[in-house]
Each structure stands twice: as structure tokens, then as C-alpha cells.
**Q** 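After the C-alpha cells below, expect a handful of questions from me.
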Amino acid sequence: MPPHRRAYRPTVMGTRGAVASAHPLASMAGVETLLAGGNAVDAAVAVGSTLNVVEPFMSGIGGIGLMLVSRRGGERHVLDFIGTAPRAADPTRCTEEEQAAGPKSCATPGNLGGWLTAHRRFGRLPLAKVLEPAIGHAERGVPLTFKNVEFFTGARETLRRSREAERLYWPNGGPRAGAVVTYKDLATTLRQVVEGGLEVFYRGPIARAIARAVQEAGGWLTEEDLAAFAATWRQPVSITYRGAEVCSMPPPFSAFQMLQTLNVMEGFDLRGWGHNSVDYLHHLIEAIKLASADRLAYAYSDATPIAGLLSKAYAASQRARIDPKRAAVSEGERFDPRRLPGQIAEGHPARFEHEQTTHFACADAEGTVVSVTQTLGAPFGSGFAVPGTGIVLNNILKWADRDPTSANVLRPGRKAGSMMSPTQVFRDSAFRLSIGTPGSYGILQTQPQMLLNVLDFDMNVQEAIEVPRVRAYRDRLVDAESRIDDPVRAALAERGHNINVLPDWSWVVGGGQGIARDPDSGALMAGADPRRDGYAVAI
């Protein structure tokens with residue numbers, strides 16, 4: 001048995017603030033900011049920018065993201081800082097390989113715009129203080145972790161795409177755990193941002209450097225694309241689940257798949273089945289397949305029928321489609337024009353119309369909680385680094401489709417479909433839980449599993465993150481961590497699931513981070529995922 005109930009790590013607790021992120025130095029940057037008098041938004045900007053230094057393969061100022069901010073008194077705000085495809089983007093003028101990586105794969109960078117937009121509205125400390133941890137780490141250097149080296153090595157071919165990316169991230173002899181690396185160009189860029197703000201990045205010398213480098217390499221991004229960027233405030237969407245309110249990202253993002261999965265599962269006796277039992281996992285996988293089919297059909301339309309998709313009546317109609325003893329055939333996580341025999345079709349939510357990588361969270365003593373998911377798209381994104389800036393650009397256009405029959409086809413000025421789903425849970429209007437994960441399409445499967453662990457199985461936030469998970473793909477393929485009992489995996493196979501066994505702890509099923517608040521004492525409780533370099537700190 002693990003030493004902390006179902007978890008190997010303790011739940012970290014405090015009363016003045018808590019931060020959970022994918023790296024201990026990033027979490028410490030958030031705590032240092034809170035101790036300096038900052039609030040949770042200040043801390044989030046400190047964490048997000050520091051992750052650019054300590055986890056450069058997952059996110060950075062060349063990436064995109066989404067943020068959910070809740071404040072005492074019932075305020076809830078979504079900040080969308082996902083950049084659009086360049087105006088010159090054209091799937092007929094690039095190969096599949098060029099769309100996946102390199103200078104033609106990048107959308108307009110949004111992370112910096114998101115951080116500064118949130119800071120300008122809700123931050124308390126000067127920008128220089130908030131970016132100080134990231135600048136300091138970039139200049140002084142940070143040691144590479146064993147997980148860093150694993151991701152650096154796995155992205156070797158991506159880094160070969162530009163000489164500058166190799167210079168930044170592939171030292172002589174290759175990366176080595178314990179080696180201290182510096183990113184002085186990035187520090188200089190962040191210092192320019194301290195002095196010049198959004199203007200210097202999106203309309204000033206940094207914008208010119210980005211556009212020039214991309215254009216000279218044959219890419220599409222221009223100064224005009226950068227100048228047109230603006231982060232956008234939106235309202236979250238929510239459902240109720242067993243008396244709790246679950247809030248996440250609105251369309252055009254895909255979090256409704258996760259919320260719809262919860263709606264379907266609400267009609268089953270999950271406690272009676274037991275956590276990660278064969279009945280529980282079978283019905284969860286089937287609910288995920290139904291919701292995934294709806295995402296592929298409706299997420300990218302100009303008018304996603306969100307009211308119907310999230311209605312309880314629609315959930316009941318979807319629930320009735322599940323065969324309790326046999327796995328259904330799924331299209332998979334991504335659009336594929338080839339139909340499989342017996343493939344699950346989307347439902348019809350419009351009939352019920354009237355009845356959304358790395359993740360981190362910060363909370364302060366005043367009741368503000370910030371949940372952020374941000375990404376470069378893939379490890380080291382496009383693999384294209386802008387000389388002299390320390391910036392690696394995203395490959396977000398990879399997540400748009402090339403097939404013109406897809407609703408998510410690549411086109412100028414469009415946002416590629418995003419699975420990022422930072423989520424918060426409330427009871428009686430009071431914050432109870434923030435949880436999220438990286439993982440591309442897997443986000444929408446990992447997220448409901450972590451939420452159900454808390455809402456149905458009374459796990460604390462660290463347990464909810466640590467316990468083993470599954471992930472469903474095309475046809476009947478399911479990844480399952482080997483910590484799921486052998487008899488359960490065998491019984492799932494008997495129901496038609498094609499089970500692929502993952503290691504005990506696999507980043508394939510995400511890397512969750514979360515914060516909960518005790519409803520009686522107000523104590524903050526934080527958890528982080530050992531599947532990556534996740535670490536939680538509280539004060």
C-alpha cells in the first residue's frame with residue numbers, strides 16, 4: 001500500500017497560498033511571488049514564465065494557453081490567449097510534415113499576451129517583480145532533471161529543424177541530468193518585456209525578429225499577424241455534477257467533451273461498482289467514446305450547440321447508447337475520413353438545445369484561484385527557434401486538419417481546435433477544487449478521471465492525481481497503466497477492449513496538478529503528478 005492512503009506523496013497543505021506546477025522551481029517561483037505580497041494572478045505569471053526556463057519543451061512565450069480565474073464573491077473569468085493561424089496559412093501550400101513542425105507549423109504566439117493581460121487586470125506587483133524568478137533562473141542557470149533529459153532526447157529530431165534550437169537545447173555531448181543550463185537570450189527578451197510590455201513583443205523589435213526569422217525560413221507568420229493578436233476574456237461554461245458546479249472552457253474549445261463525459265457518468269452507480277473496477281472503466285471508456293464523437297462533429301462549427309451538448313436530457317439519451325457488456329468502435333481522438341464498420345456516430349444535441357501542454361494552479365489567502373493550461377503543441381513545438389531571442393515557436397497548426405471535409409480544417413485566421421481544459425469545481429458558490437492536465441487529446445480523458453476520483457470516490461487531490469488511468473483511441477484500443485489490476489484488464493479485454501499496457505506511471509495519460517480548499521477550515525491542499533516533474537508547494 002502507498003504510504004499516504006492511495007498516494008505515494010503527501011498532500012501539501014497551507015493557509016496563505018498554494019501552487020502546483022510541473023516543476024519544483026516553477027512552483028517555488030509562484031510561492032516566492034505570494035510571499036513578496038503578490039496575489040494568485042501574480043503567482044501564475046511567475047509560474048508560467050518560469051516554466052519557459054525549467055520545462056522549455058512544454059510551454060513558453062512562443063506558445064498558447066487558456067486561464068480560468070475565480071475570485072471571492074462569485075467572479076469567474078476565462079482568458080483565451082490562443083493565437084490564430086497566420087493570414088497566409090494554406091494547407092495546399094505545405095506538406096503534412098511541414099504542418100507538423102518547422103516554420104510553417106506555428107500559430108501566433110499567445111502566452112506572453114495572456115500573462116500580461118491577466119496581470120494588467122488583476123495583478124498587484126510590478127511586472128518586473130513578477131518576471132524576476134524566470135529572468136533569474138534563465139541567467140543563473142537551472143539543472144536539467146532526469147525527466148528533462150527524457151523529453152530533450154525524445155525531441156532530438158524536432159530540435160534538428162533549426163540550428164538555433166540545437167544551439168539552445170542540445171549542448172555538446174547532449175543533455176545530461178544534473179548539468180546546469182542557461183538561457184541568456186530568453187532573459188534578455190524578458191527584460192525587454194519588462195521595459196516595453198506587450199508592445200515590444202507584438203509590435204516592436206521582438207515581433208520584427210520573429211517575423212523576419214519565420215519569413216526567411218519559408219514560414220507564414222508576419223508582423224501583421226503578431227500585431228493583430230489580443231487575448232480575449234470569456235465566460236466559462238459549467239454543469240452540475242452530484243450537487244457540485246464544474247466550470248471549464250467555453251466553445252470554440254473542446255472542454256465540453258469532458259463535461260459531457262461527466263454528465264453521462266452521473267447516471268451510473270460509480271461507488272457501487274468501485275474505483276477502477278471493470279464496470280466502472282468499461283462505462284467510462286464508452287462515455288468517452290460518445291463524447292469524443294460529438295467533439296469531432298460539433299467543436300469546430302461556427303455555432304456549437306453547447307446547451308444541447310451539456311443538457312441532462314441529452315446525457316440520458318447518450319447513456320442509453322452504451323452496451324454494458326461490449327466495447328463500441330470509436331473514430332478515435334482525431335478526425336479520420338475513413339469510417340470503421342460499426343463506428344460510433346455523433347448524437348443529436350440540437351434536439352436538446354432548450355432543456356477545452358502543461359498545467360498549473362495558484363491560490364492565495366484572499367480567495368483568488370488561477371488555473372492555467374499552456375502549450376507549445378508538442379515537445380519543443382515547431383522546433384524553430386528565433387535567433388537572439390531564446391524563443392521556440394509552437395506547432396499549433398499541426399492540430400488543424402488538412403482534409404477539406406473536416407470541420408477543423410486549417411484556414412487563415414482560425415484557431416486550431418484546443419483540448420486544454422483548466423477546470424474548477426464549486427459547491428454553494430464556494431471554490432472547492434482546481435484541477436487540470438497536459439496531454440493533447442488525452443486531456444479530455446484524464447480530466448474527468450481525476451474529477452470523478454474526487455467527486456465520487458472521496459479522494460484528496462494528491463490521490464486523485466496519482467491513481468492509475470486509462471486512455472481510449474481509435475477502434476477499441478485502450479491504454480491502461482499497469483497498476484490497474486490484471487483481472488480488471490483481462491475482463492475489459494473480454495468485453496472487446498484492445499488493452500495496451502503502459503508502465504506503472506506513464507506521461508501518456510497526462511500530468512495533473514491541482515489545488516483544493518477545505519470547506520470548513522479554508523486550508524489549501526495541493527497535489528502534483530509524479531508522472532512528470534510535478535511539484536506542489538504551500539505556505
Side-chain angles (χ1 to χ4, degrees), residues 21 29-30 33 38-52 59-71 75-84 107-135 189-204 206-207 210 223-236 247-250 252-253 356-362 364 368-376 391 393-394 396 413 415 418 420-422 424 434 436:
S21 84
T33 303
N39 59 24
V41 174
D42 294 315
V45 178
V47 172
S49 54
T50 300
L51 284 168
N52 197 157
S59 69
I61 57 178
I64 61 166
L66 293 168
M67 177 184 293
L68 175 56
V69 181
S70 65
R71 305 175 80 208
E75 285 185 48
R76 294 163 200 173
H77 310 273
V78 166
L79 183 58
D80 163 11
F81 41 105
I82 293 182
T84 60
T108 305
N111 277 343
L112 185 83
W115 303 338
L116 268 60
T117 298
H119 178 262
R120 182 163 48 195
R121 181 170 181 181
F122 294 122
R124 179 182 298 152
L125 296 178
L127 184 60
K129 187 66 177 176
V130 172
L131 293 181
E132 184 179 277
I135 293 170
T189 292
L190 291 173
R191 288 192 183 281
Q192 288 181 268
V193 169
V194 168
E195 295 297 322
L198 287 171
E199 192 69 21
V200 73
F201 186 87
Y202 287 101
R203 297 175 183 82
I206 300 174
I210 293 171
E223 288 185 53
E224 290 73 23
D225 292 315
L226 288 156
F229 176 81
T232 305
W233 291 102
R234 303 179 183 273
Q235 287 300 306
C247 294
S248 197
M249 301 297 103
F253 312 115
Q356 174 161 2
T357 317
T358 192
H359 182 83
F360 59 92
C362 304
D364 60 33
T368 298
V369 182
V370 182
S371 309
V372 181
T373 308
Q374 57 187 40
T375 186
L376 285 172
I391 298 171
L393 295 174
N394 65 76
I396 297 304
K415 298 187 181 190
S418 175
M420 294 185 292
S421 305
Q424 295 183 14
S434 162

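Quick note: residue numbers are just sequence positions, from 1. As a basis for the values below, the full set of heavy atoms in this structure was taken, side chains included, without hydrogen atoms, waters or symmetry mates.
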**Q** Please examine the side chains of Q374 and F360, heavy atoms only from C-beta on, and report whether any two atoms are closer than 4.5 Å.
**A** yes
**Q** Treating H359 as the side-chain partner and S21 as the backbone partner, does any N or O pair qualify as donor plus acceptor under 3.5 Å?
**A** no
**Q** Which pairs pass salt bridge (charged side-chain N to carboxylate O under 4.0 Å, His left out) with one or both residues in residues 121-133, sequence neighbours excluded?
**A** R124-E366, K129-E132
**Q** Which atom names give the shortest non-hydrogen contact between G83 and I64, and what distance separates them?
**A** N-CG2, 3.5 Å
**Q** Measuring only between side-chain heavy atoms, which start at C-beta, is L66 closer than 4.5 Å to F253?
**A** yes
**Q** Between T373 and P422, is there a side-chain heavy-atom distance shorter than 4.5 Å?
**A** yes
**Q** Does S49 have any side chain to side chain contact (heavy atoms under 4.5 Å, CB included) partners at least two apart in sequence or in another chain, and if so, which?
**A** W115, L131, A134
**Q** Please tell me if the side chains of V370 and D364 come closer than 4.5 Å, counting only heavy atoms from C-beta onward.
**A** no
**Q** Do you know which two heavy atoms are closest between V41 and A118, and how far apart they sit?
**A** CG1-O, 3.6 Å
**Q** Atom OG1 of T108 and atom CD1 of I210: how far apart are they, to the nearest 0.5 Å?
**A** 9.5 Å
**Q** Side-chain contact test, heavy atoms from C-beta onward, threshold under 4.5 Å: evaluate it for L127 versus H119 and give yes or no.
**A** yes
**Q** What pairs with D225 under side chain to side chain donor-acceptor pair (under 3.5 Å), at least two apart in sequence or on another chain?
**A** T222
**Q** With rounding to the nearest 0.5 Å, note down the distance linking CD1 in I135 to CG in N52.
**A** 11.5 Å
**Q** Between A107 and I396, what is the shortest heavy-atom contact and its length?
**A** CB-CB, 4.0 Å
**Q** In a check of side chain to side chain contact (heavy atoms under 4.5 Å, CB included) between L116 and each of V130, V193, N111, which one passes?
**A** V193
**Q** Among residues at least two apart in sequence or on other chains, which ones pass ring pair (Phe, Tyr, Trp, His ring centres under 6.0 Å) with Y202?
**A** F229
**Q** Name all residues meeting the side chain to side chain donor-acceptor pair (under 3.5 Å) criterion together with S70; count only those two or more places apart in sequence or in a different chain, and write none if there are none.
**A** Q424
**Q** Could you report the tightest heavy-atom contact between A43 and T33, atom names first, then the distance?
**A** N-CG2, 3.8 Å
**Q** For R120, which residues count as a side chain to side chain donor-acceptor pair (under 3.5 Å) partner, sequence neighbours excluded?
**A** none
**Q** Say whether, by atom type as modelled, one donor and one acceptor occur between the side chain of K415 and the main chain of P252 under 3.5 angstrom.
**A** no
**Q** For P236, what residues pass the side chain to side chain contact (heavy atoms under 4.5 Å, CB included) criterion, not counting sequence neighbours?
**A** L68, R76, V78, C247
**Q** So which heavy atom on S59 is nearest to which on L51, and how close?
**A** OG-CB, 3.9 Å
**Q** For the residue pair P109 and L393, establish whether any side-chain heavy-atom pair is separated by less than 4.5 Å.
**A** yes
**Q** Could you tell me whether the side chain of D42 and the main chain of G123 form a donor-acceptor pair under 3.5 Å?
**A** no
**Q** Roughly how far, to the nearest 0.5 Å, is the CD1 atom of I391 from the CG atom of L376?
**A** 11.0 Å
**Q** Please give me the minimum heavy-atom distance between A207 and L226, naming the atom from each residue.
**A** O-CD1, 3.5 Å
**Q** CG/L112 to OG1/T117 distance, rounded to the nearest 0.5 angstrom?
**A** 8.5 Å
**Q** Could you work out, with side chain to side chain donor-acceptor pair (under 3.5 Å) as the rule, every residue matching R203, not counting sequence neighbours?
**A** none
**Q** For the CD1 atom of I61 and the CD1 atom of I206, what is their distance to the nearest 0.5 Å?
**A** 6.5 Å
**Q** Under the rule for side chain to side chain contact (heavy atoms under 4.5 Å, CB included), what residues qualify as partners of R71, not counting sequence neighbours?
**A** V69, E75, F122, T368
